[in-house]
Amino acid sequence: MESLRYKAINDLTTSSNGTPVVNSTKITAIFNENVFTLKVAREFLSDEAYKSLLSSIRGGKKIDRAVANQIAAGLRQWAESKGVTHYTHWFQPLTGSSAEKHDSFFTLKGDGTPIETFDGDTLIQQEPDASSFPSGGLRATFEARGYTAWDPSSPAFIMTIGEGKTLCIPTIFVSYTGELLDYKAPLLKALESLNKNALDVCNYFDKNITKITPTLGWEQEYFVMDEGMFNARPDLLASGRAVFGHSPAKGQQLEDHYFGSIPERVYAFMRDFETESYRLGIPLRTRHNEVAPSQFECAPIFEEVSVAVDHNTLLMDIMDRVARRHKLRVLLHEKPFAGINGSGKHNNWSMATDTGVNLLAPGKTPKTNLMFLTFFVNTIKAVHDYADILRASIASAGNDHRLGANEAPPAIISVFIGQYLYKVLQDVKERVGEKFDEQDEAILKLDLHRSIPELLLDNTDRNRTSPFAFTGNKFEFRAVGSAANCANAMTVLNTIMAETLKQFKKDVDALIEKGDKKEIAIMHVIREYIVSSEKILFEGDGYSEEWEKEAEKRGLPNLRTTPLALDAMITDKAKRLFENNNVFSHSELEARHEIELEKYIKKVQIEARIMGELATSHILPAAITYQNLLIQNIKGLKELGLDESAYDNQRQILTKISEHINQVSSQVKLMIQARKKCNAITDTREKAFAYCSEIKEKFFDKIRHHVDKLELLVADEYWLLPKNREMLFLR
Ligand code: ADP
Ligand code: MG
C-alpha cells in the first residue's frame, strides 16, 4: 500500500489544489455585516431597549426582564432577516477554545402550533452541559452545574458554517454558586478594577476623564501546511506538534521567507479567512510572512481589550475552519517544528481615556508628560512587583517549548524601554532628590513627544528579544503563546496595573497630605518607583547566556517550566492581589491552578503516548526493514567471497542503525514504565512536576535524537512520516 506520506507528496505535485476564486469586494462593504452593532441595534430595537442596551454597554447597568424580552425579539428579527435558524450562547471555557451549544428558535406551542421564539430569559441565561468543561474541582465542591450568562458588552454575531447560520450570544460561564469557570468573566472584572484605579490617578491630571479603557492589539503567528501531509503525521493530529523530525537542510538561515512573497495557495486561504473575519467585525490590518518557512502572521487594528480577546478567539476558530476548506491546516502550536522559530501572540497593550488620550503615548506638554511618566513607570513597577504572576499567565506545555528556547523571549520577565526613556528615568532618579522643588521642573518640560522618532528608532531592533517591550506608545507583551487565549495574560496585566495604581494613589495622597504640591508629590513617588523596580529593566540581548546570569544576580525569577511557573498563582501574594481587585477568590485561584496543571499533564501525556506509538508503529518498522536490506546485502557480498572492504560502508551504517533502533525501543519502554509511575500519583501538582521532569525532560529529547538520526540513515522510500522539509516547503 502506498504510504500516506507518498500519497500526500503525489497529490501535491499532481493536483492544482483548486485555488478558489477570491472575490475582491471592498472591505468596508462587508465589515461588521454579521454583527449586531449599535447601529443595527438602533434599527431593530425600540428607544427604550436601545437605551438600556447602551447604558449596559457603557456603564455596566443591569437590563431588566421586560427590556431583555424586547432586545431578544430585536435580535431574532435581525438574525432571521439574515437567514439564521439557531442561536447559541458562545463562551470561552478554560479548555482554551470557544464553546457553543446550538438551539433552534423553533418550538411548539401547547396546542402543537409550530412557532419561532427567542425571549429575554433565553438571551440572558442558559445551562450548557457543563460537566465536561474543566472546573478544577469547583463544581464538585460547590454545585454540579454551571450556566452561561449574557455579556452585553460584547456584541452578538452570526457565525456561518457551510450553509448553516447561527446567532452567537457572547456569554460568561459561571457555576451556580458564582465561581467563574471561563476566561472572560475574570477579564471583565480585571478591566473594571483597572478602570477604577486608573481613573483615580488620571483625575490628578484631568478631571474631565471619566473612563479608562485598556486596549489590545494582538499579533497572531501561525504555520500553514498541506492537509495531506498533516494527515500523515499522527503526532500533529494528536498534539499539534511534530514530536519527531530532523531539521531540514535548509531552514530559516537564509531568511528568505520573511521577505519573500506569500505563496499563492496560502494567499487564497488568507483572503478567505480575512473576508470571514471582516464580516464578523474583526479589523484585520496586516498579513505577512514570518521568519520560519511556512510561518505567517496577521494582526488587527487594536480594540478595547474584551472585544479584542473575543475577536482573537473567533479568529483562531475561523482560521482553522477556513484552512480545511483550502485543504490546508493551520498550526497554532507554539513550537510545531524543532530547529526553527516558534509562534507567539504579541499582546500590544495600552490604556485610553474617554477624552481620547493614549496614556502610554509620550505627551506634548509638561502636564501630559507627567501623566505619561506616571503610567509608564507604574507599568514597569507592576511588571517588576508581579513578574512571577505575569509569567504564570503565559505558562503552558506548548509555550514551554518556546520560552527560553533560543529564539523566543526567555522565561525571565524583563522590560525593555529603549535608551532614550532609560535616560529619562535615570534623570528623574538623579534629579528628583530632596532638593527637588517647584523651580526645578525641567524634567517635566522634556519634550518627549518630539523625541518620538528618536525613541522609535531606538526601539525597532533590540526590543525583539524582550518579553515585555515599550514600542513608542504601548507595551508589547511578547511572551504570550500563539495558541493561548489572550484573556489570561490580559487579566493578569490589567490586575497588576490596577493594584499598582491603587498603591500609587495612596503614596501620592500621603505626600499631598504632608503638604507637598501635587506635581511634586507625583514626581517623588515616580522616583521612588523607578528606584524600587529598575532591576526589571533590561536593554541588552534577552536571548544571550549573559542575560540569564545577570538576571540571576539581580534576583529575577527564571521559571523554565509550566508547573514551576504556575506556583506563582497560589502564593499569598497572588491571593491578596486578585482578591483586592475582586478578580478571583482564593478558591477560584486554586481551581484555576489545578486546571492549568491538569491541562499540562494531559498535553505531556498525549505527546508521550504518541511518541511511543509512532516509534513502535512507524519508526522502528521502517528502520528494521532497511536494516534487513543491509543485512541481506552484506550477506550477499560475503557469499560472493569479497573481502570486508567491499561491505565496510554498509556495515558501518548497519551498526549505527542497529544502535539507534535499540536506543529507541529501550527508551520507549522505559518511558512507558515511567509514565505508569507518574499516573499513580494522585496529587495534581506533584503529578505535573513528575510529568515534567520524569517524562518530558528525561525522554523526549533523547528519543527524538535517535529517531531523527534514523531519519537521516534509513532509505527515503521506507520512511513513513512526512519530513520537515516536505511539510515546510511543499505546497
Ligand atoms: P509592529 O509591532 O509589527 O511594528 P505596530 O507597532 O504597527 O506593528 O502595531 C502592532 C500592533 O499594535 C497592532 O495590532 C496595533 O493595532 C497595535 N497597537 C497600536 N497601538 C496600540 C495601542 N495604543 N494599544 C494597543 N495596541 C496597539
Ligand atoms: Mg510587534
Side-chain angles (χ1 to χ4, degrees), residues 27 31 187 190-191 194-195 198 202 209 211-222 258-259 270 274 277-278 281-291 295-316 319 341 343-363 368 371-372 375-376 378-379 383 408-409 415-418 421 448-449 452-453 455-480 482 484 486-487 489-491 493-494 497 542:
I27 294 166
F31 191 69
L187 175 69
L191 296 173
L194 181 100
N195 173 44
C202 271
I209 299 173
K211 188 166 189 209
I212 310 296
T213 310
T215 50
L216 165 65
W218 38 262
E219 301 165 55
Q220 178 73 56
E221 292 181 337
Y222 59 95
Y258 192 71
F259 298 106
M270 286 177 173
E274 284 166 0
S277 301
Y278 292 137
I282 306 170
L284 290 179
R285 185 74 184 279
T286 57
R287 56 164 106 95
H288 61 79
N289 288 352
E290 261 306 321
V291 181
Q295 192 188 27
F296 306 91
E297 180 189 293
C298 64
I301 298 165
F302 68 92
E303 302 175 277
E304 59 177 279
V305 170
S306 64
V307 176
V309 164
D310 284 4
H311 281 166
N312 181 249
T313 304
L314 262 178
L315 176 93
M316 291 195 284
M319 283 171 81
N341 270 20
S343 300
K345 175 149 52 203
H346 302 168
N347 277 206
N348 294 274
W349 170 86
S350 187
M351 292 150 288
T353 68
D354 57 344
T355 55
V357 175
N358 173 356
L359 291 172
L360 290 174
T368 49
M371 185 153 88
F372 161 72
F375 283 90
F376 181 66
N378 270 282
T379 311
V383 175
V415 180
F416 177 97
I417 57 171
L421 283 168
L448 292 178
H449 179 73
I452 284 183
L455 193 147
L456 284 180
L457 205 69
D458 181 37
N459 272 352
T460 46
D461 205 20
R462 274 164 310 137
N463 72 6
R464 300 208 177 275
T465 63
S466 174
F468 200 92
F470 184 71
T471 47
N473 55 6
K474 61 193 184 285
F475 277 98
E476 184 166 340
F477 189 13
R478 308 175 137 257
V480 184
S482 51
C486 310
M490 282 295 115
T491 300
L493 183 55
N494 286 289
M497 190 63 182

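Counting starts at 1 for both ligands and their atoms, following the listed order.
At least one N or O atom of Asn348 sits closer than 3.5 Å to an N or O atom of ligand 1. Between Phe302 and ligand 1, an N or O atom pair is found at a separation short of 3.5 Å. Looking at ligand 1, you'll find an N or O of Pro300 within less than 3.5 Å of one of its N or O atoms.
Residue Thr471 places no heavy atom under 4.0 Å from ligand 1. By the 4.0 Å heavy-atom criterion, Glu476 is counted among the residues contacting ligand 1.
Neither the backbone nor the side chain of His346 has any atom closer than 4.0 Å to an atom of ligand 1 (non-hydrogen atoms only).
With hydrogens and angles disregarded, a donor-acceptor distance shorter than 3.5 Å links the side chain of Thr215 to the backbone of Ser350.
Distances below 4.0 Å separate heavy atoms of Thr215 from the following atoms of ligand 1: 22 (C), 23 (N), 24 (N), 25 (C). Of all the atoms in ligand 1, the ones that sit under 4.0 Å from a non-hydrogen atom of Ile301 are 16 (O). Using a 4.0 Å cut-off to heavy atoms of Asn358, the atoms of ligand 1 that qualify are 23 (N).
Within the model, atoms CZ of Phe468 and CH2 of Trp349 stand 6.0 Å from one another, a figure rounded to the nearest 0.5 Å. Here the CG-CE distance, from Asn358 to Met371, works out to 9.5 Å after rounding to the nearest 0.5 Å.
In this structure the side chain of Trp218 never reaches within 4.5 angstrom of the side chain of Val480, judged on heavy atoms. Within the 4.5 Å cutoff, the side chain of Asp354 has no heavy atoms near those of the Thr213 side chain.
Using cut-offs of 30° and 60° on the angle between ring planes, the pair Tyr222 and Phe296 is tilted.
Of the residues Glu219, Glu221, Glu274, the one that meets the salt bridge (Lys or Arg N to Asp or Glu O under 4.0 Å) test with Arg287 is Glu274.
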